[in-house]
**Q** 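Provided herewith is a single structure, encoded as structure tokens, for subsequent inquiry.
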Amino acid sequence: MSTSILVINCGSSSIKYALVSDRREDRIFGLAENLGSPEARIKGITVGGEALELSIPNADHEKALETILERLSHYNPQAIGHRVVHGGTLTKAELLTPEIVQRIREATPLAPLHNPAHLVGIDATMRLFPELPQVAVFDTAFHQTMPSHAYRYALPKFLYTQHNVRRYGFHGTSHAYVSDRGSELAGSFREGGWLTAHLGNGSSTCAIWNGQSVDTSMGLTPLEGVVMGTRSGDVDPSIHSFLATNLGWDIYKIDKMLNSQSGLLGLSDLSNDMRTLIEASEQGNEDATLAIEVFCYRLAKSLAGLSCGLPRIDGLFFTGGIGENSAYIREKTMSYLPHFGFNLSKEKNDELKRGTEGRIDAGVGPQIWVVPTDEEGRIAKETIHVVETEVHQTTGKKLKAQAMMA
Ligand code: AMP
């Protein structure tokens, strides 16, 4: 492995990592989990596809990062790319400087669960590897091209001007990768109007015109939009006053319910996992059947709504764990979208192998594709771009990895 970028995604008690190199088959990736507890461990895949499991009792983020980097140091990573959920109004990936770290800190009220964990990881890697260029790649940045009529809420103006209350959108790295790759496969790279449906435990939709996000389903936080594993998606905001007045719930309880006990889990009263629900539905579980139906209907409704942001629709891309793997969910969703001339090929949809790219429309009307997402690859590519333009241009050096991601 000649050239590589280390991609890091720090959560509150976990760190996902990937060493992204010139060949996707060579990618090394893993997860450090249960950090801060006796059960802390690293699980991953090494080069050659072998499984790795390493116990690191009581390790914190810094210790886990040290262990990960020790194992990977002989691959000589040339830069580190950090996934950061909220970049506020930052419009692109940024080299980590004290000023950018401060901007990430300032966006914390908008992503209170995510940004503090990212900052812990950034702090640790900056101390451990001060010589390596480090870049923050934001989930929100891709959506900064949305026009104001898409990102503003119909709320008093001062909430926007003084408190940054607006729609930001998330999953930007995935929507950007999938729309670039999908439009390339369709022979019209970054041209035309496309809808993307990123369907995983968290789900969102996006409308993309000539390679730029023009609208998306998530808003101020990742709670707005379509039905997700445990998140409600759109509800009447009066639910807060209804529950407070009638059940005496406080804001924390309501927030927890909407984020962690709703969505597929809330509807089915069984699971947030789509595979489990499909199996239960096949066995006659009516709640699971309804949860799937609501998921697909609301998804189709979101896609139809986002079409208003596009002068024309050239096609739709499915991605994420559900979008890539479930022909059943894709078919059910498209059954609620007979508009715009969409025409799914049942045969092609059913035949598409897991994890592969492929076109699944019948050849008339807008195209429909499945495009497996690659958020790590995209983060690595953006990291290289930032390092090339902001570090090496000034020093005259060239990053070997530049060619690999071209
Ligand atoms: P992600 O968050 O992108 O990893 O996606 C996780 C979701 O994908 C979970 O709800 C899984 O049940 C779902 N998923 C993965 N494989 C399948 C499958 N073959 N059929 C239906 N859902 C799947």
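These figures come from a predicted structure and were not determined experimentally. Start at 1 with the first residue, then count along the sequence. In each ligand, atom 1 is the first atom listed, and ligand 1 is the first ligand listed.
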**Q** For Asn325, counting its heavy atoms only, list the atoms of ligand 1 lying under 4.0 Å from any of them.
**A** 15 (C), 16 (N), 17 (C), 18 (C), 19 (N)
**Q** Given Asn325 and Arg354, is the side-chain hydrogen bond (donor to acceptor under 3.5 Å, both in side chains) satisfied, shown in steps?
**A** CA-CA 5 Å; Asn325 296 314; Arg354 288 189 68 154; 3.2 Å; yes
**Q** Specify side chain, backbone, both or neither for Ile329, according to which of its non-hydrogen atoms lie closer than 4.0 Å to ligand 1.
**A** neither
**Q** Give the atom numbers and elements of ligand 1 that come within less than 4.0 Å of a heavy atom of Ile278.
**A** 21 (C)
**Q** For Met274, take its heavy atoms, then give the atoms of ligand 1 lying under 4.0 Å from any of them.
**A** 10 (O), 12 (O), 22 (N)
**Q** Give the atom numbers and elements of ligand 1 that come within less than 4.0 Å of a heavy atom of Gly200.
**A** 1 (P), 2 (O), 3 (O), 5 (O)
**Q** Nearest protein heavy atom to atom 12 (O) of ligand 1, by residue and atom, and its distance?
**A** Asp273 OD1, 2.7 Å
**Q** Any nitrogen or oxygen of Gly321, side chain or backbone, less than 3.5 Å from one on ligand 1?
**A** yes
**Q** Taking salt bridge (Lys or Arg N to Asp or Glu O under 4.0 Å) as the criterion, tell me which of Arg27, Lys381, Arg181 meets it with Asp374.
**A** Arg27
**Q** If you measure from CG on Asp215 to CH2 on Trp209, what distance do you get to the nearest 0.5 Å?
**A** 15.0 Å
**Q** Of the choices Met228, Arg275, Glu375, His171, which has the non-hydrogen atom that lies closest to atom 18 (C) of ligand 1?
**A** Arg275
**Q** Does Arg354 reach ligand 1, in the sense of a heavy atom lying below 4.0 Å from it?
**A** yes
**Q** Under 4.0 Å between a side-chain nitrogen and a carboxylate oxygen: does that hold for Arg378 and Glu376?
**A** no
**Q** Do me a favour and list the nearest non-hydrogen protein atom to atom 13 (C) of ligand 1 with residue, atom name and distance?
**A** Ile322 CG1, 3.6 Å
**Q** For Ser174 and Thr373, what are the C-alpha separation, side-chain angles and deciding distance, and is it a side-chain hydrogen bond (donor to acceptor under 3.5 Å, both in side chains)?
**A** CA-CA 6 Å; Ser174 178; Thr373 195; 2.8 Å; yes
**Q** Go through Ser302 and Thr205 one step at a time and tell me if the side-chain hydrogen bond (donor to acceptor under 3.5 Å, both in side chains) criterion holds.
**A** CA-CA 7 Å; Ser302 170; Thr205 51; 2.7 Å; yes
**Q** Hey, mind stepping through Thr196 and His175 against side-chain hydrogen bond (donor to acceptor under 3.5 Å, both in side chains) and telling me if it holds?
**A** CA-CA 6 Å; Thr196 45; His175 291 298; 2.7 Å; yes
**Q** Is a salt bridge present between Lys348 and Glu351, judged by a nitrogen-to-oxygen distance below 4.0 Å?
**A** no
**Q** Would you say atom 22 (N) of ligand 1 makes contact with the protein, given that contact here means a non-hydrogen protein atom less than 4.0 Å away?
**A** yes
**Q** For Asn201, counting its heavy atoms only, list the atoms of ligand 1 lying under 4.0 Å from any of them.
**A** 1 (P), 2 (O), 5 (O), 6 (C)
